[in-house]
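All remarks here apply to the structure that follows.
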Amino acid sequence: MRAKIRLYVEHPLGPGQSVPLSREQAHYLFGVMRLAVGGAVALFNGRDGEWLAEIAEAGKRGGRLACVQQTAPLQMPPDLWLLFAPIKKARTDFIVEKAAEMGAARIVPVQTEFTNSDRIRQDRLQAHAIEAAEQCGGTYVPEVAALTRLNRLLEQWPEERRLMFCDEALAGPAGDLAAAPGGPWAILIGPEGGFSEVERARLRGFANAHAVSLGPRILRADTAAVAALTLWQQALGDWR
Ligand code: SAH
């Protein structure tokens with residue numbers, strides 16, 4: 001039995017575990033994907049790895065799956081946060097989706113001086129992170145945090161976490177992280193308007209910050225996020 005469909009559920013997964021389906025999940029599996037009792041689905045919940053499950057009950061408004069066996073252990077991404085200033089809706093969605101695919105452990109929308117939006121739909125962004133994990137084979141789902149002011153984040157910064165500060169003012173030869181120390185990190189990407197001079201001065205003076213360039217061109221924030229995640233994963237993360 002092999003599953004073509006991967007589904008995120010909140011329920012615990014384990015040997016013989018029965019997993020109830022929500023109305024939306026039942027609609028998707030039975031109405032859209034046309035699966036029936038006996039069909040196979042791969043399940044993950046971000047904690048218990050991936051499980052092969054068999055459809056035990058299929059109804060219009062609900063259903064039930066039964067876990068058969070674990071098919072992959074939980075694979076945690078490196079301890080990397082992506083901090084980014086929210087931009088237009090579709091581009092913000094893109095950043096969250098790519099951060100989940102690229103293996104960020106936590107996604108933190110930050111409000112900077114030139115941030116265009118002062119509100120985000122945290123639940124919608126979280127749903128994008130879940131969808132990205134479903135389609136890329138991930139067993140972990142990064143948490144999307146609430147929108148937080150950059151100043152507040154820096155005031156409460158965890159002592160041991162380093163900050164890859166992507167500074168457009170350094171545009172030029174790309175930053176080299178090969179000699180940077182491992183351990184917990186965060187990447188910081190600014191908004192379309194970039195960082196203010198006050199923010200730049202504060203970040204440059206921040207003891208945990210490593211200011212880096214992402215190459216000679218000024219990238220849009222969504223491109224910059226993917227480029228920074230690539231550089232970091234290759235130098236310090238799980239691409240090595
Ligand atoms: N409007 C700004 C650019 C902002 S780009 C200007 O013209 O200067 C959005 C964000 O992407 C930046 O704040 C930075 O975090 C990142 N970024 C884009 N290009 C970069 C580069 N070449 N080097 C480092 N960071 C970059």
Side-chain angles (χ1 to χ4, degrees), residues 77-120 125 128-129 132 142 144-158 161-181 184-237 239:
D79 189 357
L80 173 67
W81 298 354
L82 176 71
L83 278 45
F84 75 99
I87 40 179
K88 285 197 202 85
K89 180 173 164 294
R91 290 181 185 274
T92 298
D93 292 352
F94 177 94
I95 291 178
V96 169
E97 182 182 295
K98 296 314 156 202
E101 285 178 43
M102 296 286 296
R106 188 158 179 262
I107 301 170
V108 188
V110 294
Q111 209 173 355
T112 65
E113 271 186 60
F114 300 152
T115 298
N116 324 54
S117 59
D118 53 7
R119 205 174 300 167
I120 55 156
L125 293 179
H128 277 291
V144 180
L147 184 64
T148 313
R149 285 188 184 283
L150 180 60
N151 279 337
R152 271 200 61 196
L153 267 176
L154 295 180
E155 275 157 23
Q156 305 167 348
W157 196 256
R161 189 171 296 273
R162 303 194 182 257
L163 181 65
M164 175 177 171
F165 165 39
C166 299
D167 184 359
E168 67 276 7
L170 293 178
D176 189 2
L177 287 173
W185 275 81
I187 291 172
L188 174 62
I189 303 290
E192 273 165 40
F195 292 101
S196 74
E197 281 312 320
V198 172
E199 287 170 335
R200 180 164 291 114
R202 168 130 204 232
L203 285 161
R204 291 241 173 115
F206 193 59
N208 294 28
H210 298 240
V212 301
S213 153
L214 297 175
R217 287 163 291 272
I218 302 286
L219 308 174
R220 295 187 83 130
D222 47 351
T223 319
V226 179
L229 285 159
T230 308
L231 274 184
W232 190 91
Q233 283 288 31
Q234 213 237 332
L236 298 163
W239 288 20

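Start at 1 with the first residue, then count along the sequence. In each ligand, atom 1 is the first atom listed, and ligand 1 is the first ligand listed.
- The two residues A228 and I189 come nearest to each other via the heavy atoms CB-CD1, 4.0 Å.
- Within the structure, salt bridge (Lys or Arg N to Asp or Glu O under 4.0 Å) pairs that include any residue of residues 212-224 comprise R91-D222 (at least two apart or interchain).
- Judged by distance alone, the side chain of Q233 and the main-chain N or O of M102 form a donor-acceptor pair under 3.5 Å.
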Quiz: residues 161-175 side-chain donor-acceptor pairs under 3.5 angstrom, not counting sequence neighbours:
from : atom 1 : to   : atom 2 : distance (Å)
R161 : NH1    : D79  : O      : 3.2
R161 : NH1    : D79  : OD1    : 3.0
R161 : NH1    : W185 : O      : 3.0
R161 : NH2    : D79  : OD1    : 3.0
R161 : NH2    : D79  : OD2    : 3.2
D167 : OD1    : A169 : N      : 2.9
D167 : OD1    : R200 : NE     : 2.8
D167 : OD1    : R200 : NH2    : 3.1
D167 : OD2    : R200 : NE     : 3.3
D167 : OD2    : R204 : NE     : 3.3
D167 : OD2    : R204 : NH2    : 2.5
E168 : OE2    : F195 : N      : 2.9
E168 : OE2    : R200 : NH2    : 2.9

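- Of the possible polar contacts, none joining the E199 side chain to the T112 backbone as a donor-acceptor pair under 3.5 Å is found.
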List of N/O pairs, ligand 1 versus protein, all under 3.5 Å?
from     : atom 1 : to   : atom 2 : distance (Å)
ligand 1 : 1 (N)  : E192 : O      : 2.6
ligand 1 : 13 (O) : E168 : OE1    : 2.8
ligand 1 : 13 (O) : G190 : N      : 3.4
ligand 1 : 15 (O) : C166 : O      : 2.7
ligand 1 : 15 (O) : G190 : N      : 3.0
ligand 1 : 19 (N) : L219 : N      : 2.9
ligand 1 : 22 (N) : G215 : O      : 3.0
ligand 1 : 22 (N) : R217 : O      : 2.8
ligand 1 : 23 (N) : L214 : N      : 2.8

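- Residues that satisfy the salt bridge (Lys or Arg N to Asp or Glu O under 4.0 Å) test with R106, not counting sequence neighbours, are E143.
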